[in-house]
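Contents: one structure, followed by commentary.
Remember, it's 1-based here, ligands and their atoms both numbered in the order they're listed.
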Amino acid sequence: MTNLHPKPRANTAPPIDLPVAMLAELTHRCPMRCAYCSNPVALERPECELSTAEWRGVLSQAAAMGVMQVHFSGGEPTARRDIVDLVRYAVEEGLYTNLITSGVLLDAAMVSDLARAGLEHVQLAFQDSEDEGANIVGGYHGALGKKRAAAGLVKDAGLALTANLVIHRHNAPRVGAMIDMALEMGCERAEVANVQYYGWGLMNRAALMPSRAQLAEMTATVRERQARYTGRMVIDYVIPDYHARRPKACMGGWARRFLNVTPTGKVLPCHAAETIPGLVFDTVRDRPLRDIWDTGQAFEAYRGDAWMPKDCRSCERKEFDWGGCRCQALAIAGDAAAMDPACDLSPHHAAMAAMAEDEADADARAFVYRAFGAHKDSTF
Ligand code: FES
């Protein structure tokens, strides 16, 4: 059962940390339709998005409360006509700016304008090192060529570039080629990130899950490239939780380090929090950002350790993983306050691992593509 009434913080609870980073999901519009997208299945409609003035207000409030980094995301953030204006405004407010983009809408003029506005970093997502694989999982013809061109523009503009390499059962054999591609494009960093199963990714889990054997091979390849490219490119590696033994510190701990603002201004402790029943999400249209962070019901729900199961509260890793992922506990164990099933001490751990192995061994299913309202299968 989901814990619908998380315990309120005790008067003796430790002081609340302030967030270091804000994910600003400017829009859920995106020309790509990636089957692994972590956006919610119920995408927020364009006509309800925050205005430029409202986003400026959010950026000012974030800077005033001590946020240091803003990550402009989506959807595709460059689908907003005001992206350059918002980057410039964030820079003026003293925020470090990162653009998380598919790259397919970037052209020379936009990259030049973004660089002049003060943008410091670009994170460019890649689906594959080969056209066919990229086309199929992204639901978009010709994406890889556009992304390579975008990477060249970003480097020419002198901006720092990270390649986000999203890995699943279909492109796992090309993980080495994808890392090599990132190095050739001049990336300072490559994030080799297995799909995280939230939103559309959770809906397509059985079509995307790699096997344990694939994971072992991929890990060996990543370790080899990390050694070979030391001093030339930093390579981060994120494995799928379903094959892990210990949970990740999701969001650096619930309501400790990060907040998300959705296109319509809802303020979330994590990108999948809306899947958890019983949480109340305030919006920046109704309350100041700092109030929401300090006392919003959704932020208080799993902050600290009062909500944790007894075994988590006494665990020596408690202040390392902060109890793992609440959304995953809900998705697998049916209770957001349960132990994260990624932990091998969870009573649900073995079932989760077996489910992943069964899904990875089964014939690949057709993708359900990300879309507003309608779904399509993998013939696009
Ligand atoms: Fe929500 Fe991990 S995605 S806590």
Side-chain angles (χ1 to χ4, degrees), residues 2-4 6-7 16-17 19-25 28 34 36-44 71 73-74 100 164 166 191 193-205 208 238-262 266-282 292-293 296-309 312-313 315 317-343 346 348-349 352 356 370:
T2 297
N3 181 359
L4 296 179
K7 291 178 192 139
I16 295 168
D17 294 305
V20 293
M22 176 173 76
L23 187 75
E25 290 182 350
H28 279 163
C34 298
Y36 56 71
C37 182
S38 62
N39 279 164
V41 172
L43 296 167
E44 294 182 352
H71 302 275
S73 175
I100 301 173
N164 179 232
V166 187
E191 184 181 85
N194 274 271
V195 169
Q196 301 287 301
Y197 295 101
Y198 305 108
W200 295 87
L202 182 59
M203 183 182 283
N204 284 298
R205 190 181 66 200
L208 293 162
V238 180
I239 68 165
D241 288 339
Y242 287 64
H243 289 310
R245 285 188 54 244
R246 290 283 181 261
K248 62 179 183 277
C250 196
M251 305 301 291
W254 186 275
R256 283 191 69 249
R257 315 278 291 164
F258 301 103
L259 55 82
N260 285 18
V261 181
T262 75
K266 277 186 275 188
V267 187
L268 313 180
C270 72
H271 47 277
E274 289 175 280
T275 60
I276 300 177
L279 295 187
V280 178
F281 301 106
D282 299 293
I292 298 173
W293 174 264
Q297 185 262 9
F299 282 81
E300 287 285 80
Y302 302 107
R303 183 176 259 149
D305 64 4
W307 61 271
M308 289 183 185
C312 295
R313 222 177 305 142
C315 177
R317 289 174 53 88
K318 178 178 74 176
E319 294 193 356
F320 177 76
D321 60 35
W322 302 100
C325 180
R326 298 305 86 227
C327 301
Q328 189 154 266
L330 176 74
I332 304 298
D335 180 357
M339 204 180 275
D340 184 338
C343 179
S346 161
H348 300 276
H349 180 79
M352 181 164 98
R370 176 194 197 280

Legend entry - Arg256 charged N/C atom sitting above Trp322 aromatic ring, 6.0 Å / 45°: yes
Inset, instruction - Could you check Asp321, Asp241, Asp340 and say which one makes a side-chain hydrogen bond (donor to acceptor under 3.5 Å, both in side chains) with Lys248? - result: Asp241
Inset, instruction - With the side chain counted from C-beta on, respond yes when Arg370 and Cys34 share a heavy-atom pair under 4.5 Å apart, and no when they do not. - result: no
Inset, instruction - Mind listing the protein N/O/S atoms less than 2.8 Å away from atom 1 (Fe) of ligand 1? Waters don't count. - result: Cys270 SG, Cys327 SG
Inset, instruction - Mind listing the closest non-hydrogen atom pair of Cys343 and Arg246 along with its distance? - result: SG-NH1, 4.0 Å
Legend entry - Arg205 and its side-chain hydrogen bond (donor to acceptor under 3.5 Å, both in side chains) partner, picked from Tyr197, Tyr36, Tyr242, Tyr198: Tyr242
Inset, instruction - Identify the residue among His28, Glu44, His271 that makes a side-chain hydrogen bond (donor to acceptor under 3.5 Å, both in side chains) with Thr262. - result: Glu44
